[in-house]
Number of protein chains: 2
Amino acid sequence: MPRLLNHTVSVEPTAEAAACTAVACRNCGLYQLGRLPGREEADPTLLQRIACSRRQLRKGEYLYRLDEPVRAVYAIRYGSLKSYVLSGDGRLQITGFHIVGEPLGLNDLATGRHTSEAQILEPTSLCEVPLDHLEKLSVEVPSIRSQMLIILSREVQHYQELMLMLGKKNAEERLATFLLGLSSRFEQHGFSPLRFNLSMSRGDIGTYLGIAEETTCRLFSRLQEEGLIRAHRRSVEIRDLDRLRQLALR
Amino acid sequence: MPRLLNHTVSVEPTAEAAACTAVACRNCGLYQLGRLPGREEADPTLLQRIACSRRQLRKGEYLYRLDEPVRAVYAIRYGSLKSYVLSGDGRLQITGFHIVGEPLGLNDLATGRHTSEAQILEPTSLCEVPLDHLEKLSVEVPSIRSQMLIILSREVQHYQELMLMLGKKNAEERLATFLLGLSSRFEQHGFSPLRFNLSMSRGDIGTYLGIAEETTCRLFSRLQEEGLIRAHRRSVEIRDLDRLRQLALR
DNA sequence: CGAGTGGTTGACCACAATCAAGACCCGTGG
DNA sequence: CCACGGGTCTTGATTGTGGTCAACCACTCG
């Protein structure tokens with residue numbers, strides 16, 4: 001397995017994922033699009049037809065930028081990225097971090113132009129499905145549109161949680177919620193929920209949580225002092241899941 | 001025209017709307033579902049088939065509550081309501097106010113259960129389309145699903161703006177943004193963008209903007225002192241659109 | 001006319017922002 | 001191999017915005 005990833009990497013691709021030669025597979029966020037009504041498993045043939053091409057991107061590159069026409073939807077094979085919206089005077093609010101196995105890019109279908117930007121956080125491999133291809137396919141296979149609705153509706157739920165965070169939680173509760181969220185997403189994709197590496201900086205985390213970078217740092221320290229976590233730079237270990245949950249789930 | 005509405009009402013139904021006997025019509029947020037590919041105007045026959053029943057609700061009633069199964073999607077004929085999400089310990093974050101002509105209820109399709117609640121703010125009339133009915137129809141008319149995607153994607157854009165607000169704007173900028181947003185929505189639906197009545201309390205506005213009720217009050221006073229608006233209780237007049245925009249669009 | 005809800009204003013305080021300095025870690029090049 | 005530089009992270013000191021508590025007012029409805 002080529003060592004693509006440096007220490008800042010959130011998760012190394014598992015042997016399984018690295019060995020997977022399919023453009024879209026179980027690990028990939030578009031898997032769901034391949035589901036037929038009433039079936040849990042995706043239809044492999046359909047999946048083959050959906051998946052088009054891979055794309056490899058380096059840290060700092062943009063997947064898409066503001067006002068660009070929406071050309072495709074994506075799924076993350078490995079790696080991670082952040083997406084964010086911008087205010088008139090350039091302040092930015094990160095609206096989500098996307099990690100391995102998650103779909104991306106359905107947000108801006110209404111306008112046909114991106115209202116947000118997506119930037120790569122670490123070496124990342126994506127599966128890319130051009131919109132016109134998806135369009136054609138979904139005429140023939142209507143279930144694809146249903147699945148798109150479901151994915152988008154999940155996105156909405158994520159945003160609702162984030163709004164609750166930004167509007168109602170204090171800084172400590174926000175960080176706890178953030179860490180638990182990551183934890184369970186890693187678990188969903190077969191990684192350890194208690195030990196993981198962050199691919200984003202303290203500044204990014206702050207920009208996501210609506211707090212300052214310095215505050216984020218202080219909170220990492222505080223949670224560590226209180227024994228809830230152990231953290232050094234990008235590596236995080238959750239030591240007291242229960243108390244962390246207590247903090248977050250308020 | 002029956003006087004259904006008291007002084008707290010955001011907008012009186014226009015003569016046209018009141019006279020409209022159709023369940024779904026131009027004024028109604030489901031109008032868009034009746035659009036066929038490439039057409040601006042909705043297909044009247046299709047619209048007739050989509051629209052099912054009306055429903056009349058009073059202030060304080062719930063359209064749906066947390067964890068209830070999603071039964072239908074709605075469009076507002078007249079009136080308004082708020083929807084909100086709840087934290088573990090009962091704090092609530094209002095995620096949107098819905099006014100005349102806007103669609104509602106597509107958010108929770110993924111889970112099939114409501115992750116938010118919707119409560120009526122003033123006497124309100126809705127057009128209701130049961131999900132199974134919509135389901136059946138959209139097998140036959142696939143464009144319906146596309147339109148649902150577009151509606152949901154608009155919703156996402158609204159949330160992105162709200163997150164920018166909650167995460168990055170100060171209290172004054174939030175209120176300015178809020179007032180301008182309402183203003184342009186009223187305008188879209190044929191009402192005056194410079195004079196309107198709010199259907200929500202100061203507390204609700206605060207809960208939406210992530211600030212305290214008292215702060216909301218103070219800001220109304222401040223914007224009035226500075227000559228940007230005139231406000232008395234639920235009635236608002238925008239007096240200096242440009243400066244208000246300057247504040248909001250940062 | 002009185003009660004109750006919603007709105008307003010004031011005083012005080014706390015949480016988190018900002019400013020500032022320094023430590024740590026990495027990649028790079030000598 | 002080590003020295004350097006830049007980015008990231010950390011901690012401290014100070015400030016300020018907005019939260020909280022409290023009292024009072026205004027308007028509506030019964």
Side-chain angles (χ1 to χ4, degrees), chain A residues 3 5-10 58-60 82 91-93 119 121-123 165-176 178 197-225 229-236 247 250, chain B residues 3 5-10 58-60 82 91-93 119 121-123 165-176 178 197-225 229-236 247 250:
Chain A
R3 174 143 184 96
L5 311 170
N6 64 20
H7 82 290
T8 63
V9 151
S10 53
R58 286 193 300 271
K59 181 177 173 177
K82 61 181 174 186
R91 284 175 280 185
L92 63 83
Q93 173 65 39
Q119 192 176 19
L121 291 171
E122 59 181 327
M165 205 136 85
L166 295 172
K168 288 284 143 2
K169 295 189 182 183
N170 69 24
E172 198 176 30
E173 292 163 357
R174 293 183 201 192
L175 186 57
F178 169 70
N197 287 302
L198 305 169
S199 58
M200 67 295 282
S201 69
R202 299 287 192 265
D204 281 341
I205 297 173
T207 304
Y208 176 64
L209 298 178
I211 58 185
E213 179 179 354
E214 295 93 324
T215 306
T216 311
C217 272
R218 275 184 254 273
L219 287 170
F220 266 98
S221 304
R222 192 151 101 213
L223 291 183
Q224 173 149 325
E225 281 164 30
I229 64 170
R230 261 175 57 83
H232 181 68
R233 304 236 141 192
R234 303 290 176 106
S235 82
V236 176
L247 253 185
R250 266 205 279 166
Chain B
R3 176 144 183 97
L5 311 169
N6 64 19
H7 81 290
T8 64
V9 152
S10 53
R58 284 192 302 270
K59 181 175 173 178
K82 61 181 174 187
R91 284 175 280 185
L92 64 86
Q93 173 65 40
Q119 193 177 17
L121 292 171
E122 58 182 327
M165 202 135 89
L166 295 173
K168 289 282 141 1
K169 294 189 182 184
N170 70 26
E172 198 178 30
E173 292 162 356
R174 292 183 201 191
L175 185 57
F178 168 70
N197 288 303
L198 305 169
S199 59
M200 67 295 282
S201 69
R202 298 290 192 264
D204 280 340
I205 296 173
T207 303
Y208 176 64
L209 298 177
I211 57 185
E213 177 178 354
E214 294 92 326
T215 305
T216 310
C217 272
R218 275 184 256 272
L219 287 170
F220 265 100
S221 304
R222 193 150 102 212
L223 291 182
Q224 173 149 325
E225 280 163 31
I229 63 170
R230 261 175 55 83
H232 181 68
R233 305 236 139 191
R234 303 290 177 104
S235 81
V236 176
L247 253 186
R250 267 206 278 169

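The chains referred to below are lettered A, B, ... by the order of the sequence lines, with proteins before strands, and numbering in each begins at 1.
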Without swapping roles, check the side chain of [X] against the backbone of [Y] for a donor-acceptor pair under 3.5 Å.
| X | Y | value |
| --- | --- | --- |
| A/Gln224 | A/Arg230 | no |
| A/Gln119 | A/Lys82 | no |
| A/Arg174 | A/Met165 | yes |

## Note on the structure
Those residues at least two apart in sequence (or on a different chain) that pass side-chain hydrogen bond (donor to acceptor under 3.5 Å, both in side chains) with B/Glu173 are A/Arg91, B/Arg250
Using nucleotides 7-10 of chain D, report all nitrogen or oxygen pairs with the protein that are shorter than 3.5 Å.
from	atom 1	to	atom 2	distance (Å)
D/dT8	O2	A/Arg233	NH2	3.4
D/dC9	OP1	A/Arg234	NE	2.7
D/dC9	OP1	A/Arg234	NH2	3.4
D/dC9	OP2	A/Arg202	N	2.9
D/dC9	O4'	A/Arg233	NH2	3.4
D/dT10	OP2	A/Arg202	NE	2.8
D/dT10	OP2	A/Arg202	NH2	3.4

N/O contacts under 3.5 Å, protein versus nucleotides 16-18 of chain D?
from	atom 1	to	atom 2	distance (Å)
D/dG18	OP1	B/Ala171	N	2.7

### Message
Let me test you: for the helix from C/dC1-D/dG30 to C/dG30-D/dC1, what is the angle between the axes at its two ends (five pairs each), rounded to 10 degrees?
### Response
30°
### Task
Could you give me the CA-CA distance, side-chain angles and deciding distance for B/Lys168 and A/Leu92, then say whether side-chain contact (heavy atoms from CB on, under 4.5 Å) is met?
CA-CA 7 Å; B/Lys168 289 282 141 1; A/Leu92 63 83; over 6 Å; no
### Distance, nearest 0.5 Å, that separates CG of A/Leu198 from CD of A/Glu122
10.5 Å
### Message
My understanding is that only residues two or more places apart in sequence, or in another chain, count here; which of them pass salt bridge (Lys or Arg N to Asp or Glu O under 4.0 Å) with A/Lys169?
### Response
none
### Summary
Between A/Leu121 and A/Lys59, the two heavy atoms sitting closest are O-CG, 3.5 Å
### Query
Could you give the CG-to-C1' distance, from B/Asn197 to D/dC27, as a whole number of Å?
15 Å
### Query
B/Leu223 has an atom CG; how far is it from atom P of C/dG7, in whole Å?
16 Å
Taking distance alone, no hydrogens or angles, what donor-acceptor pairs closer than 3.5 Å link side-chain atoms of residues 206-217 of chain B to residues at least two apart or in another chain?
from	atom 1	to	atom 2	distance (Å)
B/Thr207	OG1	B/Gly203	O	2.9
B/Thr216	OG1	B/Ala212	O	3.0

#### Entry: Side chain to side chain, A/Leu175 and A/Ile205, heavy atoms closer than 4.5 Å
yes
